[in-house]
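Here's the structure we're looking at; comments come further down.
Computed from heavy atoms alone, side chains included, the values below leave out hydrogens, waters and symmetry copies.
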Amino acid sequence: MNQKRSLKLLEDESLVDAMQDDTATIQDSQIEAIIIFLAFASYMGFIVYQMDVKSAFLYGKIDEEVYVSQPPGFIDPKYPKKVYKVVKALYGLHQAPRACQDKYVAEILKKFDFASVKTASTPIETQNPLVKDEEASDVDVHLYRSMIGSLMYLTASRPDIMFAVCACSRFQVTPKTSHQNDVKRIFRYLKGKPKLGLWYPRVSSFDLEAYSNSDHAGANLDRKSITGGCQFLGRRLISWQCKKQTIMATSTTEAEYVAAANCCGQVLWIQNQMLDYGFNFMNTKIYIDNESTICIVKNQYITQNKAYWQLGYHF
């Protein structure tokens, strides 16, 4: 695919959403498998060592002089016209995953000039939801996407910023000043809490439990609902979700039912993963805070509309 075609596709908001969801699914499954292993290691009291065997082959030094241009969406705002000199063989961008979390936070704060800013207590403004804000001024789309891309990596270990980052990422086609201010707020929040992360205690049970919730009509742009969920192994948070639903839920019950189905699918994946560790979690509890949804899940009553939901989402 040529560059012009790629840039043209990025102008389609629905396609950007779809690509983000697909990419997040691929990345999440890989990272969550590692997180499950770390949770198991903490339960067993293992000492874990990291060894990147692949990089020993891929990062061999090269004799030729090779330069690469900065990729669209990840251009350094201070040096937009400069190129990179390649000193080692490359296969994708492996630099970020090798950096520890607090070091990575410090790097992106410095990169986008947030090293000495006033901190924020929360990653998003709760009273002023994000909207298209068409009357506001446009901002540098490449800078905006670069900031979002840097934050996306952190959501793998920082569930506290996941909702805010996902909300801001939906404005990458035509970002406005208000959207950029919201992204800056996330950085200011990270400035105040650079080392906040997950803690896996050794002394804890190892039972799989899941929680499901939804925000009915929570997406201000199209009034679709937002799915939320998380899964625990004892007191160890191993997986979390925050995603706009693909359907237009007409009631809170329907939105909760779709969220519960999404959570159930994640639980099934975790159950399958845990079989490799010798654990059978086939009777996993999923907690839902909507009585009507619980009744439907238990097949206690079904109307015509609810029968339609079950065709697409019932397990």
Side-chain angles (χ1 to χ4, degrees), residues 20-52 96-102 104-105 123 151-166 169 190 193-215 226-245 256 258-289 297 313 315:
Q20 289 171 349
D21 291 340
D22 290 342
T23 303
T25 301
I26 296 171
Q27 292 177 341
D28 288 349
S29 62
Q30 296 172 344
I31 294 172
E32 286 172 357
I34 298 174
I35 292 176
I36 289 174
F37 167 73
L38 294 176
F40 174 74
S42 73
Y43 174 69
M44 298 297 293
F46 291 163
I47 298 176
V48 180
Y49 298 94
Q50 181 194 7
M51 182 176 64
D52 192 354
R98 289 162 48 194
C100 60
Q101 178 178 292
D102 54 341
Y104 179 76
V105 171
L151 292 170
M152 275 294 186
Y153 169 71
L154 268 183
T155 60
S157 58
R158 294 288 299 259
D160 54 323
I161 67 170
M162 187 173 187
F163 178 82
V165 174
C166 290
S169 68
L190 291 174
K193 295 178 173 60
K195 297 185 178 182
L196 189 64
L198 300 176
W199 174 254
Y200 291 161
R202 180 178 180 180
V203 182
S204 174
S205 63
F206 204 68
D207 299 321
L208 178 60
E209 291 184 343
Y211 297 82
S212 171
N213 205 346
S214 73
D215 181 11
I226 307 295
T227 288
C230 59
Q231 294 76 37
F232 287 82
L233 283 172
R235 291 163 52 195
R236 306 168 187 87
L237 177 62
I238 59 170
S239 179
W240 51 92
Q241 302 81 42
C242 177
K243 182 180 178 182
K244 185 169 70 172
Q245 296 181 1
E256 292 280 359
V258 174
N262 180 272
C263 184
C264 185
Q266 185 68 11
V267 167
L268 290 174
W269 181 83
I270 296 173
Q271 288 175 342
N272 186 58
Q273 293 289 311
M274 294 310 301
L275 289 175
D276 295 335
Y277 294 91
F279 289 88
N280 189 325
F281 292 126
M282 292 306 150
N283 295 317
T284 301
K285 290 183 179 180
I286 300 179
Y287 294 91
I288 307 169
D289 64 351
V297 170
Y313 298 101
F315 283 84

So, do S205 and R235 sit near enough that their side-chain heavy atoms are less than 4.5 Å apart? no
Identify, with sequence neighbours excluded, every residue that meets salt bridge (charged side-chain N to carboxylate O under 4.0 Å, His left out) alongside R158. D160
I want to check something: taking the side chain as every heavy atom from C-beta on, are I286 and I288 in contact at a cut-off of under 4.5 Å? yes
Within the distance-only criterion (no hydrogens, no angle test), does the side chain of Q101 pair as donor or acceptor with the backbone N or O of L196 below 3.5 angstrom? yes
How would you list, by chain and number, every residue that makes a side chain to side chain donor-acceptor pair (under 3.5 Å) with S212, sequence neighbours excluded? none
Residues that T284 engages under side chain to side chain donor-acceptor pair (under 3.5 Å), provided they are two or more places apart: Q271
Give the minimum heavy-atom separation between A259 and Q245, together with the two atoms involved. N-NE2, 3.9 Å
Side-chain contact, heavy-atom cut-off 4.5 Å: L237 with C230? yes
What is the distance from atom NZ of K285 to atom CG of L208, rounded to the nearest 0.5 Å? 12.0 Å
Heavy atoms, side chains only, cut-off 4.5 Å: are P201 and W199 in contact? yes
Can you tell me how far CD of Q273 sits from CZ of F37, rounded to the nearest 0.5 angstrom? 13.0 Å
Which residues pass the ring pair (Phe, Tyr, Trp, His ring centres under 6.0 Å) test with F206, not counting sequence neighbours? Y43, F279
With rounding to the nearest 0.5 angstrom, report the OH to CG distance, Y153 to L151. 13.0 Å
Under the side-chain contact (heavy atoms from CB on, under 4.5 Å) rule, what do I238 and E32 come out as? Steps first, then yes or no, please. CA-CA 7 Å; I238 59 170; E32 286 172 357; over 6 Å; no
Going through the checks in order, is the side-chain contact (heavy atoms from CB on, under 4.5 Å) test met by I35 and Y200? CA-CA 10 Å; I35 292 176; Y200 291 161; 2.9 Å; yes
Sequence neighbours left out, what passes salt bridge (charged side-chain N to carboxylate O under 4.0 Å, His left out) with D276? Give chain and number order. none
Heavy-atom check, side chain of E209 versus side chain of Q231, under 4.5 Å: no
What distance do C263 atom SG and Q241 atom CD have between them, rounded to the nearest 0.5 Å? 6.5 Å
Can you list the residues that meet the ring pair (Phe, Tyr, Trp, His ring centres under 6.0 Å) rule with Y277, with sequence neighbours excluded? F40
Could you grab the distance from atom CZ of R202 to atom OG of S42, nearest 0.5 Å is fine? 9.0 Å
So do T227 and C242 actually touch side chain to side chain, heavy atoms under 4.5 Å? no
Taking side chain as C-beta onward, heavy atoms only, is R236 less than 4.5 Å from S204? yes
Heavy-atom side-chain proximity of L275 to F281 below 4.5 angstrom: no
Under the criterion side-chain contact (heavy atoms from CB on, under 4.5 Å), I'd like the reasoning laid out for S239 against I270: C-alpha separation, chi angles, the key distance, then a yes or no. CA-CA 9 Å; S239 179; I270 296 173; 4.2 Å; yes
